[in-house]
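All values below were derived from every heavy atom in this structure, side-chain atoms included, with hydrogens, water molecules and symmetry-related copies excluded. From a predicted model like this one, the values you see are computed outputs, not experimental measurements. Residue numbers start from 1 in every chain, and the chains themselves are labelled A, B, ... in the order their sequence lines are given, proteins ahead of strands.
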Protein chains: 2
Amino acid sequence: MTKTNEKSLLQPEDLACFSLYSAANAMVRAYRPVLDTLDLTYPQYLAMLVLWNGDALNVKTLGERLHMDSGTTTPLLKRMEAKGLILRERCKQDERSCIVRLTQSGNALKQQAFQIPEAMGEKIAISQEEGATLKYLCDKLHDGLVAHSD
Amino acid sequence: MTKTNEKSLLQPEDLACFSLYSAANAMVRAYRPVLDTLDLTYPQYLAMLVLWNGDALNVKTLGERLHMDSGTTTPLLKRMEAKGLILRERCKQDERSCIVRLTQSGNALKQQAFQIPEAMGEKIAISQEEGATLKYLCDKLHDGLVAHSD
DNA sequence: TTCATATATATTGTTCACAATTAACTTGCA
DNA sequence: TGCAAGTTAATTGTGAACAATATATATGAA
């Protein structure tokens, strides 16, 4: 009950931002049991998708692909290195730069990853078309916020 | 470049889940400088919106409103108590239950909060109608995932 | 009453996001 | 050559999300 004689603020349930926040958390939560079979977290899975695509990348480029800064990527990649999925080595030409490449076992894990999209598809209750709309709007919101932050 | 003779996986940029994840992170990041003026984080702001609405609530109910479990709410509320925004006290009728209520200074902060929606509105590059669609799709995805998790 | 079960919250430890800072290196210019 | 300015990544510390577990209380059945 809102007190009378007071201006009121919208409640979380009325805000698109809260819906976005809750949906993203729920999505990561839903990925968890599926990714547990590969011993990967959701951000680790995103990094592996990029690496499985074939190229070795430096930390900077990988962070840009994943929309993460180095304060997030560095500890993330160290945990992945500790699991034996990747190697990190300094670039010969520029010692500041750190090159990330898959180990054999990291590369081998790709075969198990084909089951992930299928398993997740079963959990997602929106249509392909709705998913495309959701993606379009999230990208537009994201790009607008990033552009505004300069 | 994808290697030939190998099945390929979609890249993060092609996945709606990654867009959702990135947009939610960007949204929290955009709220940060605005909420810094109230010394609140985004989840703390969500909790304050519920409390500013008037009622004292127990931790369970507040967690349900914010789609959070006790492993998230308890430390969140302790930080808010340490800042002097709220009080937490056991319910007389049921000692298991913990009642959360605003302090005077927590309640007074409401006056400054009216500027938040205005400040955020300027940063958001999607229309009201697109925002409503985004909210609808996020809620549908969220509710479907929650229903599926039982 | 007594015991089993369910509920509400707290605790512990891991992972991620990010700001702020630091260190190492590159580049450009004098 | 030598130094200033910019870049890249690592480091440190805080907040949040969550699983697993623990604790205390309430409730219902025998």
Side-chain angles (χ1 to χ4, degrees), chain A residues 18 21-33 35-36 39-47 57-64 66-83 85 88-100 142 145-146 149, chain B residues 18 21-33 35-36 38-48 57-64 66-83 85 88-100 142 145-146 149:
Chain A
F18 173 66
Y21 184 73
S22 295
N25 285 337
M27 182 275 295
V28 172
R29 194 154 51 234
Y31 260 101
R32 193 180 311 273
L35 289 175
D36 277 350
D39 190 29
L40 291 176
T41 64
Y42 185 68
Q44 288 170 9
Y45 173 63
L46 294 176
L57 299 162
N58 62 25
V59 173
K60 167 86 169 170
T61 306
L62 185 59
E64 285 170 354
L66 302 182
H67 303 160
M68 293 173 183
D69 75 0
S70 77
T72 302
T73 51
T74 295
L76 177 72
L77 293 169
K78 280 187 164 189
R79 285 184 288 266
M80 293 170 69
E81 186 177 39
K83 286 198 248 195
L85 295 171
R88 299 183 311 141
E89 48 198 28
R90 292 286 165 183
C91 176
K92 298 286 185 297
Q93 287 73 40
D94 183 348
E95 289 277 341
R96 296 170 307 176
S97 181
C98 182
I99 307 294
V100 180
H142 175 271
L145 291 172
V146 168
S149 68
Chain B
F18 174 66
Y21 184 73
S22 296
N25 284 336
M27 182 275 294
V28 171
R29 193 153 52 236
Y31 260 101
R32 193 181 311 273
L35 289 174
D36 277 350
L38 310 200
D39 191 28
L40 291 176
T41 64
Y42 184 68
Q44 289 170 9
Y45 172 63
L46 294 176
M48 292 300 283
L57 299 162
N58 62 22
V59 172
K60 168 85 167 170
T61 306
L62 184 58
E64 285 171 354
L66 302 182
H67 303 160
M68 293 173 184
D69 76 0
S70 78
T72 303
T73 51
T74 294
L76 178 70
L77 294 169
K78 281 188 163 189
R79 285 184 288 267
M80 293 171 69
E81 186 176 39
K83 287 198 247 196
L85 295 171
R88 297 182 311 141
E89 48 198 27
R90 290 287 164 183
C91 175
K92 298 286 186 295
Q93 287 74 39
D94 184 347
E95 288 278 341
R96 295 172 307 175
S97 181
C98 182
I99 307 294
V100 180
H142 175 270
L145 290 172
V146 169
S149 69

(Q) Return a single string for nucleotides 18-25 of chain D, one symbol per nucleotide in 5' to 3' order, where B is base contact, S is sugar-phosphate-only contact and - is none, cutoff 4.0 angstrom on heavy atoms. (A) BS-----B

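- Between A/Thr74 and D/dT11 there is no side-chain N or O to OP1 or OP2 distance below 4.0 Å.
- Side-chain proximity of A/Leu76 to the nucleotides C/dT9, D/dA9, C/dC16 is greatest for C/dC16.
- Between B/Leu57 atom CG and C/dT9 atom P the separation is 11 Å, expressed in whole Å.
- Per the geometry, OH belonging to A/Tyr45 stands 15 Å off P belonging to C/dC16, to the nearest Å.
- Taking atom CZ on B/Arg79 and atom P on C/dA10, their separation rounds to 13 Å, with Å as the unit.
- Under the salt bridge (Lys or Arg N to Asp or Glu O under 4.0 Å) criterion, B/Arg96 pairs with B/Asp94, not counting sequence neighbours.
- Between A/Lys78 and D/dA10 there is no side-chain N or O to OP1 or OP2 distance below 4.0 Å.
- A/Glu89 pairs by the side-chain hydrogen bond (donor to acceptor under 3.5 Å, both in side chains) definition with A/Arg101, not counting sequence neighbours.
- In summary, the side chains of B/Ser22 and A/His67 do present a donor paired with an acceptor at a separation below 3.5 Å, with no hydrogens or angles considered.
- Residues forming a side-chain hydrogen bond (donor to acceptor under 3.5 Å, both in side chains) with A/Ser70 (at least two apart in sequence, or on another chain): none.
- Side-chain N/O atoms of A/Arg90 include one lying less than 4.0 angstrom from OP1 or OP2 on D/dA10.
- Between B/Arg88 and C/dA10, a side-chain N or O to OP1/OP2 separation shorter than 4.0 Å is present.
- Taking A/Glu64 as the reference, nothing meets the side-chain hydrogen bond (donor to acceptor under 3.5 Å, both in side chains) condition, with sequence neighbours excluded.
- One atom, NZ of A/Lys60, and another, P of D/dG6, lie 15 Å apart when rounded to the nearest Å.
- With sequence neighbours excluded, the residues that form a side-chain hydrogen bond (donor to acceptor under 3.5 Å, both in side chains) with A/Arg88 are A/Glu81.
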